[in-house]
Amino acid sequence: MSGLVLKLSPKERVLINGAVIENGDRRSRLSIMTPDAHILRLRDAVHPEDATTPVRRACFALQLVLSGDSTPEKARKGLLRQIEELSQVFQDTDSRRILAEASEATIGDQHYRALKALRSMIPREDRLLAVRTF
């Protein structure tokens, strides 16, 4: 079996091709067989008003591609620029590895993989911003 497999918790919501779908009272598993379907888990979404930091803005830009509100071609250059800017701030080995993965995924149109990598940077960014406010 190929395609994307979504494992949904009870009452979890997901955006599929512009429609918000809510799971029922039990855990479920969906296999998305259409290769170009636009899918975004809403529990993982960065809401527009929360896209106030560089990492969150990059995640939001990726979400626009996943939801179908932006094309990969249109978003690619800006995303790669944002990732490059992040690599100038996050200079530790682990962060650079994560950002390289996000960059490779973006180039390869693997937007879920890129979003997953960038989302893992949010706690690091939060710690960095907390330190800088003192």
Check your understanding: Got a sec, which pairs hit salt bridge (Lys or Arg N to Asp or Glu O under 4.0 Å) with one end in residues 59-76, sequence neighbours left out?
Key -> Arg76-Asp109
Check your understanding: Is there any salt bridge (Lys or Arg N to Asp or Glu O under 4.0 Å) pair reaching into residues 11-23, and which pairs are they, with sequence neighbours excluded?
Key ->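 As it turns out, the salt bridge (Lys or Arg N to Asp or Glu O under 4.0 Å) pairs with a partner in residues 11-23, which skip direct neighbours, are Lys11-Asp25, Glu12-Arg41, Glu12-Arg43, Arg13-Glu22.
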**Study point:** Pairs where residues 110-120 contributes a residue and the test side-chain hydrogen bond (donor to acceptor under 3.5 Å, both in side chains) is met, not counting sequence neighbours
**Key:** Gln110-Arg113
Check your understanding: For residues 97-108, which residue pairs qualify under side-chain hydrogen bond (donor to acceptor under 3.5 Å, both in side chains), counting only residues two or more places apart or in two chains?
Key -> Asp94-Arg97
First locate atom [atom1] of [X], then atom [atom2] of [Y], and finally report the distance between them rounded to the nearest 0.5 Å.
{"X": "Ser67", "Y": "Ile39", "atom1": "OG", "atom2": "CD1", "result": "11.5 Å"}
{"X": "Asp126", "Y": "Leu128", "atom1": "CG", "atom2": "CG", "result": "9.5 Å"}
{"X": "Arg56", "Y": "Ile122", "atom1": "CZ", "atom2": "CD1", "result": "5.0 Å"}

Practice item. Show the numbers, then the answer: is there a side chain to side chain contact (heavy atoms under 4.5 Å, CB included) between Met121 and Leu86? Key: CA-CA 10 Å; Met121 294 296 295; Leu86 290 170; over 6 Å; no
Between [X] and [Y], is there a shared hydrophobic cluster once you connect ILVMFWY residues whose side-chain heavy atoms come closer than 4.5 Å?
{"X": "Leu8", "Y": "Ile21", "value": "yes"}
{"X": "Leu4", "Y": "Val20", "value": "yes"}
{"X": "Leu62", "Y": "Ile107", "value": "no"}
{"X": "Leu80", "Y": "Leu115", "value": "no"}
{"X": "Leu15", "Y": "Leu64", "value": "no"}

Would you check if [X] and [Y] make a side-chain contact, meaning some heavy-atom pair closer than 4.5 Å?
{"X": "Leu118", "Y": "Leu99", "result": "yes"}
{"X": "Val55", "Y": "Phe90", "result": "yes"}
{"X": "Arg124", "Y": "Ser95", "result": "yes"}
{"X": "Arg27", "Y": "Ser9", "result": "yes"}

Minimum-distance pair of heavy atoms, taken over all atoms of [X] and [Y]:
{"X": "Gln82", "Y": "Ala61", "value": "OE1-CB, 4.1 Å"}
{"X": "Ser87", "Y": "Arg96", "value": "O-NH2, 3.0 Å"}
{"X": "Val46", "Y": "Cys59", "value": "CG2-CB, 4.0 Å"}
{"X": "Ala114", "Y": "Ala102", "value": "CB-O, 3.8 Å"}

Exercise for review: Could you tell me which residues satisfy side-chain hydrogen bond (donor to acceptor under 3.5 Å, both in side chains) with Arg57, sequence neighbours excluded, listed by chain and number?
Suggested key: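 Scan of Arg57 (side-chain hydrogen bond (donor to acceptor under 3.5 Å, both in side chains), adjacent residues dropped) gives none.
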Check your understanding: So which residues get pulled into Val65's cluster when ILVMFWY side chains under 4.5 Å apart are joined, directly or through others?
Key ->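 None; Val65 is a cluster of one.
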